[in-house]
Amino acid sequence: MSYVDEVLEKVVAKNPAEPEFHQAVKEVLESLRVVVEANEEKFRKDALLERLVEPERQIKFRVPWVDDKGQVQVNTGYRVQFNSAIGPYKGGLRLHPSVNLGIIKFLGFEQIFKNSLTGLPIGGGKGGSDFDPKGKSDREVMAFCQSFMTELCKYIGADTDVPAGDIGTGAREIGYMFGQYKRIRGLYEGVLTGKGLSYGGSLARTEATGYGLLYFTEELLKINGKDIKGMTVAVSGAGNVAIYAIQKAQQLGAKVVTASDSTGWVYDPDGIDVAALKEIKEVKRARLTEYKNYRPNSEYHEGRGVWSVKVDLALPCATQNELHLEDAKQLVANGCLAVCEGANMPTTLEATQYLQENGVIFAPGKAANAGGVATSALEMSQNSERLSWTFDEVDVKLKNIMVNICHNMDDAAKRYGMEGNYVAGANIAGFEKVVDAMTAQGIV
Ligand SMILES: NC(=O)C1=CN([C@@H]2O[C@H](COP(=O)(O)OP(=O)(O)OC[C@H]3O[C@@H](n4cnc5c(N)ncnc54)[C@H](OP(=O)(O)O)[C@@H]3O)[C@@H](O)[C@H]2O)C=CC1
Ligand SMILES: O=C(O)CCC(=O)C(=O)O
């Protein structure tokens, strides 16, 4: 049996009931086959792949807090510190009722390669909790965040592990967590990113993942002889990534006609109104059903459906496994040219394969959405030098990073005879730096 197949089998046997983690590992190891085969004897002797798929540390803890009725609630907190070969652990905190260890591990694993692709010195980690901020008062969210950080603060620090936002964790939650960290540890340091501008945040971090996705997509289309200007685009999600992806796509001359949330989706033939979306989601924290009040010409539909719309470009920006095989078939039938992932692993393995086999340009999230974590690393740099850069300074750096990721991914695929296979290109380019650092640092 090949070394890759052997490790894939071990991962499933050793981590039962973690399908998302299996999926993420399978996608990466399958595309590393060619690299691993060229070094099989050494990698096997060093147990390189076994070490790569085993987190350096996983922390699971109780998070008790008191709700507005005086009732004690108990959630589970996680931080998976996956790989620190190239820098301190870095990755967001997800607050969503679906969170479990397997989901945090898949996200932490993806983060290793994504962070490597940025070219910046950050290792891979991820955390979160099964707490649901939806429908909670600000006081309840604060109570949860303070309790969560009371435990988490023992394991993180500006030079060891620097969490940030993800689904359900935005500026409000980061603020409460930062306050509690400072209070307990007595340190005013860049221990979290995505902070408010008044206490060490970076300009352009809020916009970074969505803007970065579009800088990357524009470049990838250019490499393939296409222009984003004039394209019709479907976006899923209506959160941080989706909102700023829509905004930048429109600035680049495309028309985005959809957005979605966990209960339904909107189709706006005149192009999504970003100001309305921000008001509904960022200010009111309301459902997309409200969108029609701002745009009477639009349609609201319950359930899923954004991938049924005829578009040139699809940008999944909500959550994992939200674009299935049937969706991929529909996109292909409608003549879609490219799918670039704003979310983490939003496309199932079967859907990815179908898109690639049918000539759709497909870019994986670990490359396409790396602008968020890259800008977080820029926030860490600003915190270290106790300076704040202007919006344009950060934005220019972000754009350069995304353009570089795009070319490094493209070049890596070509080097291994897989031109146009950007899943392989991103995985190989991300892996090369990590494996080099792991090898140099000995058996740890
Ligand atoms: N924020 C960042 O910097 C980065 C985020 N990502 C990834 O991008 C994706 C979106 O994150 P972000 O925008 O920050 O998160 P937000 O919480 O801001 O928004 C998430 C959006 O997706 C919808 N959503 C969440 N879960 C589900 C679900 N199970 N089914 C359907 N819709 C769902 C939410 O709907 P509702 O409004 O109803 O809650 C919301 O519209 C995630 O995969 C995240 O890991 C990747 C890189 C960086
Ligand atoms: O900004 C960060 O540190 C993390 C962003 C994130 O969670 C991600 O890239 O998925």
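Computation of the quantities below employed the complete heavy-atom set of this structure, encompassing side-chain atoms and omitting hydrogens, waters and symmetry-equivalent molecules. All ligand and atom numbering here is 1-based and tracks the order in the structure.
If you number the atoms of ligand 2 from 1 as listed, the ones under 4.0 Å from a heavy atom of Ser376 come out as 1 (O), 2 (C), 3 (O). Listed by atom number, the atoms of ligand 2 under 4.0 Å from Lys114 heavy atoms are 8 (C), 9 (O), 10 (O). Ligand 2 places these atoms under 4.0 Å from at least one heavy atom of Gly165: 7 (O). Contact atoms of ligand 2 toward Lys126: 6 (C), 7 (O), 8 (C), 10 (O) (distance under 4.0 Å to a heavy atom of the residue).
With a heavy-atom cut-off of 4.0 Å, Arg205 touches ligand 2 through its side chain alone. Residue Glu110 does not touch ligand 2, judged by heavy-atom distances below 4.0 Å. Counting heavy atoms closer than 4.0 Å to ligand 2, residue Asp166 contributes side-chain atoms (C-beta onward) but none from N, CA, C or O. For Gln320, no heavy-atom contact with ligand 1 is shorter than 4.0 Å. Contacts with ligand 1 closer than 4.0 Å are made by backbone heavy atoms (N, CA, C, O) of Ser260 only, the side chain lying farther away. Residue contacts with ligand 1, taken as heavy atom pairs separated by less than 4.0 Å, do not involve Glu322 at all. For Asp261, heavy-atom contacts with ligand 1 shorter than 4.0 Å involve the backbone as well as the side chain.
Under the 30°/60° scheme for interplanar angles, the aromatic rings of Tyr211 and Tyr244 are found to stand perpendicular. Using a 30° and 60° split on the angle between ring planes, Phe131 and Phe144 fall in the parallel class, below 30°.
For a threshold of 3.5 Å applied to N or O pairs, the pair formed by Arg94 and ligand 1 contains at least one separation below that value. Below 3.5 Å of separation, one finds an N or O of Arg205 facing an N or O of ligand 1. Note: no N/O pair closer than 3.5 Å links Cys317 and ligand 1 by distance alone. Among the atoms of Gly92, some N or O lies under 3.5 angstrom from an N or O of ligand 2. Ligand 2 has a nitrogen or oxygen under 3.5 angstrom from a nitrogen or oxygen of Asn344. Backbone and side-chain nitrogen or oxygen atoms of Gly165 are examined, and none is located within less than 3.5 angstrom of a nitrogen or oxygen of ligand 1. Residue-to-ligand polar distances keep Ala343 apart from ligand 1: every N/O pair is separated by 3.5 Å or more.
When the options Lys255, Gln250, Arg295 are evaluated for a side chain to side chain contact (heavy atoms under 4.5 Å, CB included) with Ile272, the one that passes is Gln250.
The shortest contact between atom 37 (O) of ligand 1 and any protein heavy atom is with Lys281 NZ, 2.9 Å. Atom 43 (O) of ligand 1 has its closest protein heavy atom at Asn344 N, 3.2 Å.
Phe178 and Tyr188 have their aromatic ring centers within a separation under 6.0 angstrom.
Within the 4.0 Å heavy-atom shell around ligand 2 one does not find Ala370. Residue Gln111 places a heavy atom under 4.0 Å from ligand 2.
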